[in-house]
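Note that this is a predicted model, so its numbers are computed, not measured.
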Amino acid sequence: YSYIAGCIFYLLSVTFPKYRAKKIIRKGIMIKKKSIQKILNHILQCFSEGTQLSAEDHSEENIQNIFVKKNWNDMDAECKLLRYNKTTIQACNLHNQYLKEEIDDLIIKYKEYLSEEVLSLLEELRDSQFIKNVAIFSRLNSFDVDVKSSLATEYIKMLDKYKTLEGLI
């Protein structure tokens, strides 16, 4: 009987609390993942305003068209509502900062619960060329079609990394 009592005690004191903690941690990871997805969607929304193209369509052709057709020096609609004077590219730079903060927070809080592959993808997403280029371009006043097209390509790569990450989490 003592073996049975020991097994029951082990289940109640070790296994069930681990299962419950894992469930709570999983929920936290999913919240962070959704937050990252929202920020990526907000970035595309910034560029699609005024182009009459849908930010819901994540096809490569639509994303290229959104980035090329948008005048990046237009005032961002969301920033206007908040009484900030930010152009579209500056607002995008702000969203990128939020994105980096969310990724950093996810890595710091849940590092031991994420696989090496997921951590690697999060690092790649945080250090993506899109984020670096937006930070540079947010200081410029004119943009040619090649710059817009290359930034769209970098955004598509960033979305692809996120989709891969989404499949792993």
Side-chain angles (χ1 to χ4, degrees), residues 28-111 114-169:
I29 291 171
M30 298 309 277
I31 289 170
K32 288 292 180 190
K33 185 180 89 169
K34 285 182 181 180
S35 179
I36 291 170
Q37 183 181 22
K38 275 185 180 179
I39 294 169
L40 288 171
N41 290 338
H42 277 101
I43 291 170
L44 192 57
Q45 185 67 39
C46 278
F47 285 102
S48 69
E49 289 170 354
T51 63
Q52 298 170 351
L53 295 168
S54 173
E56 302 296 320
D57 180 7
H58 288 191
S59 68
E60 288 186 28
E61 182 182 341
N62 187 54
I63 292 172
Q64 285 284 348
N65 287 335
I66 287 172
F67 275 76
V68 170
K69 289 183 179 181
K70 178 68 175 180
N71 180 359
W72 290 1
N73 288 323
D74 286 349
M75 287 297 160
D76 182 63
E78 185 179 347
C79 287
K80 273 186 189 177
L81 291 174
L82 299 173
R83 299 185 192 269
Y84 294 120
N85 290 326
K86 299 257 185 225
T87 62
T88 297
I89 194 75
Q90 290 169 338
C92 179
N93 192 33
L94 193 61
H95 285 301
N96 283 342
Q97 290 172 2
Y98 297 146
L99 179 66
K100 288 174 82 171
E101 288 172 11
E102 285 296 318
I103 292 171
D104 284 340
D105 200 31
L106 179 60
I107 290 172
I108 291 168
K109 285 185 178 175
Y110 303 106
K111 187 174 190 171
L114 299 171
S115 69
E116 290 295 319
E117 189 176 7
V118 169
L119 288 172
S120 174
L121 277 169
L122 284 169
E123 293 284 339
E124 287 177 28
L125 196 60
R126 182 181 62 191
D127 299 330
S128 74
Q129 197 61 43
F130 176 81
I131 293 174
K132 292 174 186 173
N133 287 345
V134 167
I136 293 167
F137 296 147
S138 67
R139 295 177 183 88
L140 302 175
N141 290 327
S142 64
F143 309 95
D144 65 358
V145 174
D146 292 337
V147 168
K148 291 179 176 185
S149 182
S150 70
L151 200 61
T153 303
E154 292 301 328
Y155 180 80
I156 292 166
K157 287 179 187 176
M158 199 164 75
L159 270 183
D160 289 342
K161 285 178 189 171
Y162 176 77
K163 288 176 187 173
T164 305
L165 178 72
E166 198 173 38
L168 294 174
I169 294 181

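Going from atom CD1 of Ile66 over to atom CG of Leu53 covers 5.5 Å, rounded to the nearest 0.5 Å. Atom CG of Leu122 is separated from atom CD1 of Ile107 by 5.0 Å, given to the nearest 0.5 angstrom. Note that OG of Ser35 is 9.5 Å distant from CD1 of Ile31, once rounded to the nearest 0.5 Å. Separation of atoms CG (Leu106) and CG (Leu165) is listed at 7.5 Å; rounding is to 0.5 Å. Atoms CG and SG, on Leu151 and Cys92 in that order, are 7.0 Å from each other to the nearest 0.5 Å. Atoms OG and CG, from Ser54 and Asn65 in turn, are 12.0 Å apart once rounded to the nearest 0.5 Å.
Listed by first and then second residue, the side-chain hydrogen bond (donor to acceptor under 3.5 Å, both in side chains) pairs involving residues 159-169 amount to none (not counting sequence neighbours).
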### Pair Ile63-Leu159, side-chain contact (heavy atoms from CB on, under 4.5 Å): steps then yes or no
CA-CA 11 Å; Ile63 292 172; Leu159 270 183; 3.7 Å; yes
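Counted within 6.0 Å of NZ on Lys33, heavy atoms from surrounding residues, nucleotides or ligands total more than 12; the atom is thus considered enclosed. The environment of OH in Tyr110 is crowded: more than 12 heavy-atom neighbours from other residues, nucleotides or ligands sit within 6.0 Å. Counting non-hydrogen atoms of neighbouring residues, nucleotides and ligands closer than 6.0 angstrom, the NZ atom of Lys32 exceeds 12 such neighbours. Heavy-atom contacts from other residues, nucleotides or ligands closer than 6.0 Å to CD of Gln97 number more than 12.
The shortest distance between side-chain heavy atoms of Phe67 and Leu44 falls below 4.5 Å. For the pair Asn41 and His58, the minimum side-chain heavy-atom distance is below 4.5 Å. Counting only heavy atoms from C-beta outward, the side chains of Phe130 and Ile156 never approach each other to under 4.5 Å.
Looking at Asn62, its side chain does come within 3.5 Å of a backbone N or O of Asp57 through a donor-acceptor pair.
Not counting sequence neighbours, the partners of Gln64 by the side-chain hydrogen bond (donor to acceptor under 3.5 Å, both in side chains) test are Ser149, Thr153. With sequence neighbours excluded, the residues forming a side-chain contact (heavy atoms from CB on, under 4.5 Å) with Ser120 are Glu124, listed by chain and number.
Each of Met158, Arg126, His95 was compared with Ile131 under the side chain to side chain contact (heavy atoms under 4.5 Å, CB included) criterion, and only Met158 meets it.
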